[in-house]
Structures are given as structure tokens and as C-alpha cells.
A.B. asks: 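Have a look at the structure that comes next, please.
Protein chains get the first letters and strands the later ones, always in sequence-line order, with residue 1 at the start of each.
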There are 4 protein chains.
Amino acid sequence: MTGRPRSEAARKAILQAALDLCARDGYQGVTMKGIAQAAGSGRQTVYRWWQTKAQVLLEALTEVMAERMPPTPDSGDPRADLVAFLEQTFTLAQGVSGHIVVGLMADAQSDPELAADLRATIIGPRRAALRSVLERGVLPPDVDLELTVDLVFGAMWYRLLNRHAEVNAELAEEIAGLLARIR
Amino acid sequence: MTGRPRSEAARKAILQAALDLCARDGYQGVTMKGIAQAAGSGRQTVYRWWQTKAQVLLEALTEVMAERMPPTPDSGDPRADLVAFLEQTFTLAQGVSGHIVVGLMADAQSDPELAADLRATIIGPRRAALRSVLERGVLPPDVDLELTVDLVFGAMWYRLLNRHAEVNAELAEEIAGLLARIR
Amino acid sequence: MTGRPRSEAARKAILQAALDLCARDGYQGVTMKGIAQAAGSGRQTVYRWWQTKAQVLLEALTEVMAERMPPTPDSGDPRADLVAFLEQTFTLAQGVSGHIVVGLMADAQSDPELAADLRATIIGPRRAALRSVLERGVLPPDVDLELTVDLVFGAMWYRLLNRHAEVNAELAEEIAGLLARIR
Amino acid sequence: MTGRPRSEAARKAILQAALDLCARDGYQGVTMKGIAQAAGSGRQTVYRWWQTKAQVLLEALTEVMAERMPPTPDSGDPRADLVAFLEQTFTLAQGVSGHIVVGLMADAQSDPELAADLRATIIGPRRAALRSVLERGVLPPDVDLELTVDLVFGAMWYRLLNRHAEVNAELAEEIAGLLARIR
DNA sequence: CCATAAACGAGACGGTACGTCATGTCTTACA
DNA sequence: TGTAAGACATGACGTACCGTCTCGTTTATGG
């Protein structure tokens, strides 16, 4: 027997409800119960396909990022490419996506499986993307690229978390400017 | 009239219990109920002086840092001072203190009052300390110190959260080395 | 859609636990927490169906009385019927049921909703039953039946509360004897 | 050494506060903490002289009754004396005193010491008083006076508790009328 | 005329029940 | 078999009151 197939409508409703609730109540305010209610779905339907609210939001975030993060075009100017890449990244990080990813990171501190998923799905690919942009030649060849990635994305995370400064186009310019001064 | 004075024993027992539970169960596993139980105190006694577990742990962390973070001595060698400062910082961040501060940062995302306390008590002073070390002359005079602080502490936070690499003496050396190449 | 139906097992376990606890600890010693624990049920399950311990015990008492209070048979001898009715009533009042109904009455002093429920469920029907027995002709026709009911059940309540004398078959006989002397 | 003598002002303030709170919040709403606060006294001062709120209210009630319950005058007309006695009793029972004594009776169900105090201080003397009035000759000499007291005061208690009818002068008349018909 | 000592106000203490909320599992009827 | 609905056992939440304790202060008496 095959049984009733999974409802794509329910899946989309759940992911969208999770995003909406996160925008309205913040990451911490989202609950599995709330997601199911807002999606007009049963509680069990959520639990059948995801184990935690973090997994729901991770999948929702992945879909959002797939839509909104096209590969950075190679303009021939390495520094301009870097600025473009960072501006695009920072813009996304300022919105609801930023709140989600920060919340996911917080939950990941006590959920190793989520931590692994988060690295594999979001963090890792973004690190690779930044690295490939950096490899186009903004830095002297003997500079440690992994360290540079840590410094650049680290500044972004730090500001996202601590909110002592904006994560915007200006930051992108300043970072590119500072990297350009490394000899 | 004055009433019975606050019990310093209870205060210390609660802070210590919070630290112990955090070490055993992780930040997320700590509960107000658990703290009171482990401290052998009543629930109301905890709530009388702190509103949330985050506030308890923030005070506990503050006391730990006050003990373990002496001012960085001025050796005359700016880069050596920077390395010493970062090593000291990173060492503390690797232990339970790191878990706590990461958890606090996560909670602060949905608790503005905690966020303000955290900036005022922990983050701000550390930023000021790093900035004063950087001012000793590791960088060209026209480099934006705030941006540099964001990059350096950002890298630390990023690694603490994402755990893709260690936060250790080696990182301190590498960062100092990279900063020294800025012209 | 229908949802999971209410668990009759849980309902019975809760009512039985309430009775058991009342027998063991007395009415005042019963707590909602204790009922849930003793019933092996969750706290929320109790609160879902009853608001207070008084409501739980009222329902439990109602079920006990439904089992143990058959209608008084009409033997043709009004005074014998009255004695039989009172003996049956007093016997039940001597046991745990008496403790419960006294406790309910006490709580009803500060809970008007409970007071109404108690009158509608227990007190009112018993008054009506006594009245119908009295109407069989133990009293002269112009005697106020409501007042007589107050006197008879009043004596029972008074002794139940104050415990200065037993509420037993002897009392039933004495009351019937005194009523028979009214001209 | 003698130490500071007990403060009569505090004693009176506590008793009065207990009465006021009982009038405002009902018997159940009274708390030891609330009494102390309302009396402007310390918690320990209340506990030093009384163990429970019931004991406080019993003493307060005793003082009220001593003021308001003069001995029933012997007019020569036994039935008129009975009516006068019952009217006086019922009038007092209608007010705050009624609420208090009902609450005390409720608490006494789970506090044997209070039950004994209540019988000795309030219930017993009132029973004796009613009995002495009845002995003036409203009843045939072979009627059981204790039973009659139970019926009369029972009716009062029953109405005070269940509130299905007033406890007033009319009731006094009706009871006296019914007792007069006993042959 | 202080010294003693008990009562006083204030309020923190350890404890426990309260009623609410979210968790993750389960049991229905329906699709 | 997937789904919406919702009851279930569990356990933390923050609040209220309990009865005890420990302060500083007040008020009597007795050496």
C-alpha cells in the first residue's frame, strides 16, 4: 500500500507560517504549536516532517536564501566583486533572515545535530562563496583565507548579535577598504 | 525599620549553582527552578534578586571575569601586548565562560534589557580594553579602530558560535600577524 | 474534525484519586497537584475539565450519591418512611461523603459558582426528597414544610460541622418522634 | 528581667485588621500576612500571640459577641423570650460575624484544636443560652432539649451556609410558632 | 540611670501549591 | 497512510502565602 502522499500545501503553509511568526514574535517566540495553528495544520503533521522548530526554520531559511542569493558575478574588479558580495549578504542579514539565523545559531549551541545542519546548509556554503570571491585577488597570495573569512563574517555576526552597529553597505565598503591595505 | 538583611551565603550559593548547572547541562539546560534547588534556596529568593536565569548568569559571569581578567600589562611591545591580551581573552572564552556568554547573547536577542546589560557589563568593557591595546601602535594611525575591534572579536564570536575552528593561542598569533601587515 | 476523545480512564482516575486523598488527608489537605499526581495524570488534564478541587470533589460526590441513594420506597407508613430516609441520609453523611460535603460547603462560602452548583446538584435534590417524604403525612397539613426541612437537615449539618453529637439512626428516630408530636 | 510588655495597641490593631479584612475579602481571603500588613504590625508579632488566622478571628469574634450579646431578659412570657433570643442571635449571624463563624467552622473541620476552642468559646455558650430560654417553658417537659437546640440552631447554620433563605426575625417567629405546637 | 530583655517593625529566608504554557505523543474521524 | 483536531503526561514558568529567621529599634523594669 502506498497511502496518502505528503501534502505539499501543508508543507508550504508550515514553512510560511514559521517565517511569519518569526517576523511577528521573534525567533524565541515561535513555538511548534503556534506554527501548526498558524498553518492551519495539525501538530503531528509538523512533527512528522521536522523534529524541532529550528529544523522548520532552517528549511524555510534555506528556501528564502536559494531565491535571494544568486552567485556573485565576476566583474573583473576583485574589490568591486567583494563589495557586491558583502552588500548582498549584509542586506539579507538585516531582515528577518538575520533574526532567524541568529536564533538558529543560538539553538545550535545546545543541539549538535542542528549545528551540523546549519554548517552544512548555510554557514559552509556562504564561507565557500566568500572564499571564492577573495580568491579573485583582493589579498596578497600568502594571506590565510580561512582566517580572513573568519574576520569578515565574524564582524557581521558580532554586529548582528550585539547590535552595537549596523550591518550595511557602509560596513561592506569599510571591510573591503581595510582588506585592500594588507600587504 | 530595616528588616532582615540579604543573605550573602544565599547569593553566592545561587551564583555558584548557576555556574555549576551551566557547566553540567549547558546554558539552555539551566532553569530558575534548577538553580534554586541546587543552591538549596527557595524559588522566591532567586526571583527576589534576579528576574531571569540570564541575569543570574550575567552576574555570575561578571564575578568570574573580575577575578580572571587582570588588565593587560604594557610590555613596550605593542604586538606582544596584543597577543597576550587575545590569549587571555580566548582562554577564558574556551571554558564555561564561553558557553555562558554565548547563551546570554542568544537570550539577549529576545530580551532588550538583557542586551543592554550585557553590552554595559561584558561586551563594552572588553571592546574598550582591546581598543586601548590596539592604540598602543599595532596599526597605522588612520585605521578605523572600531572596525578592527569588530573584526577581531567578531572572529572570536564566530568561532565560538559555529565551532568550525578553535579559539586559542594560535588564533591570537594569526590575528596579530595579519593586523601587522596592514599598511 | 474531532480530535482525540476525552479519556474516560483519566476522568475516573482523577475522581477516584480525589476521593482517596480526601479520605486520607481530609478535604483541606486535597490539592489539585496532589489529585493529578495520585491519578497519574497531568495537571493540565485536571484543569481542562474542572476549575477547582471543589468541582472535582463535587462531581465525585455526585457519582457516589447516585450509586448509594436509591429513592425511598413508599411502605404505606409515613413515619417509617421518614425514619428510613433519614437513616439512609445520615449513614452516608457519616462517612467520607460527609467530610466532602462539609468541605464543599465551606469553600462555597467564598465561591458563588460552587455554591450554586452545590445547591443544584446535592442540596436541592435532597431537600426535595425529604419534602416529598414529609408530604406523605407525618405532619399536620398546615405546617410549613420548608421550615421543617430546614430544621431536620439543619440538625444534621450542625452535628456534622460541630461534632458535638453523632448523626446516626438514633437521631433519625428522635427527629421522627419529635415531628410526630407536632399538632 | 521582664522585658517590654505586650503592646495592647498592636493587639487591638491586629484584631480590628482581621475583622476589616474579613469584611472586605471574606474569610478565605484573609491571610496572616495581610492581617499584619493591615494592622501595621510585623508578621512575627501576629504569630507570637496566635498560631493561625482562625485563632485571631476567633478572638476578634469573641470580643464582638461579648459586646453585642447581652443575656436575654426574662419577660415572664417564655415564647416572647425565645423569639427575642433568636432575633438577637439571628441578627448578629447575618452580619460579618456570620461569615466569620462559618469560616471558623469550615477551618475547624481540619483543625481539632480550633474545633475545641470554637465549641468552648462560641457554640457551647450559645447552646446553653438557648437551652436556658427553652427551659422557661415553651416545650412540654419531656421533650429532649438537646435535640431541640440542634434543630433550632441547625436551621440557622443550614441557612447561613447554604443561603437558600434568610436568617431573620421572620425565621425566629416561625420557629417559635412551630415549637409551640409540640404536644 | 543605665543594663537587661522581651516585644516590636520590617523583610529575607526555604518551602509548596497555585494556574498557565509549551513540549512531544497519542487517538480519533476524515480524505 | 496523511491529515486536522485536540486530549494526554510532563515539567518549567512566575506568583502568593506559609511559618521561621534575623536585623535594628523601642519600652518596660531592676541592679
A.B. asks: Tell me: CD1 of C:I14 to C1' of F:dC8, nearest whole Å?
C.D. replies: 10 Å
A.B. asks: Atom CH2 of A:W50 and atom C1' of E:dT23: how far apart are they, to the nearest Å?
C.D. replies: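 So the CH2-C1' distance, A:W50 to E:dT23, works out to 18 Å.
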A.B. asks: For residues 32-48 of chain C, which residues have at least one heavy atom under 4.0 Å from DNA chain E?
C.D. replies: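 When residues 32-48 of chain C is checked for heavy atoms under 4.0 Å from DNA chain E, the hits, listed by number, are C:M32, C:K33, C:R43, C:Q44, C:Y47.
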A.B. asks: State whether B:K12 and B:E63 are salt-bridged, where the test is any N-O pair (Lys NZ or Arg NE/NH1/NH2 against Asp/Glu carboxylate O) under 4.0 Å.
C.D. replies: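 Salt bridge between B:K12 and B:E63, a charged N being under 4.0 Å from a carboxylate O: no.
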A.B. asks: Got a second to check how far B:K53's NZ is from B:L57's CG, nearest 0.5 Å?
C.D. replies: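 Interatomic distance, B:K53 NZ to B:L57 CG, rounded to 0.5 Å: 7.5 Å.
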A.B. asks: Given atom CD of B:Q28 and atom P of F:dG11, what is their separation to the nearest angstrom?
C.D. replies: 19 Å
A.B. asks: A:W49 ring centre to A:R6 NZ or CZ under 6.0 Å, with the angle to the axis within 45°?
C.D. replies: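 Cation-pi check for A:R6 and A:W49: passes.
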A.B. asks: Select one nucleotide: of E:dC8, F:dA28, E:dA22, the one nearest the side-chain heavy atoms of D:W49.
C.D. replies: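 For D:W49, the side-chain atoms sit closest to E:dC8.
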A.B. asks: Tell me the interatomic distance from D:R11, atom CZ, to E:dA6, atom C1', rounded to whole angstroms.
C.D. replies: 19 Å
A.B. asks: Separation of C:D25 atom CG from E:dT16 atom C1', in whole Å?
C.D. replies: 15 Å
A.B. asks: When the C1' atoms of the five terminal pairs at each end define the local axes, what inter-axis angle does the helix from E:dC1-F:dG31 to E:dA31-F:dT1 show, to 10 degrees?
C.D. replies: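 Answer rounded to 10°: the end axes differ by 10°.
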A.B. asks: Closest nucleotide of DNA chain E for C:K53 versus for B:A10: which of these residues is on the 5' side?
C.D. replies: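 Checking each residue's closest nucleotide, the 5'-ward one belongs to B:A10.
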A.B. asks: What are the two closest non-hydrogen atoms of C:A10 and C:S7, and how far apart are they?
C.D. replies: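 For C:A10 and C:S7, the tightest heavy-atom pair comes out as N-OG, 2.9 Å.
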A.B. asks: Can A:M65 and A:L61 be said to form a side-chain contact (heavy atoms from CB on, under 4.5 Å), step by step?
C.D. replies: CA-CA 6 Å; A:M65 289 187 61; A:L61 179 64; 4.2 Å; yes
A.B. asks: Please identify each residue that fulfils side-chain contact (heavy atoms from CB on, under 4.5 Å) with A:V102, with sequence neighbours left out.
C.D. replies: A:W157, A:L160, A:L161, B:Q109
A.B. asks: Only one of B:I122, B:L114, B:I123 forms a side-chain contact (heavy atoms from CB on, under 4.5 Å) with B:M105, so which one is it?
C.D. replies: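 For B:M105, the side-chain contact (heavy atoms from CB on, under 4.5 Å) check succeeds only for B:I123.
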A.B. asks: Nearest to the C:R4 side chain among F:dT25, F:dG6, F:dA9, which nucleotide is it?
C.D. replies: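 Given the options F:dT25, F:dG6, F:dA9, the side chain of C:R4 is closest to F:dG6.
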A.B. asks: Start with the C-alpha gap between A:R11 and A:L15, add the side-chain angles, then the distance that decides, and say whether side-chain contact (heavy atoms from CB on, under 4.5 Å) holds.
C.D. replies: CA-CA 6 Å; A:R11 179 180 160 275; A:L15 294 180; 3.8 Å; yes
A.B. asks: Does C:K33 reach the main-chain N or O of C:R43 with its side chain, forming a donor-acceptor pair under 3.5 Å?
C.D. replies: no
A.B. asks: Select from C:S7 and B:V30 the residue whose nearest nucleotide in DNA chain F is closer to the 5' end of that strand.
C.D. replies: C:S7
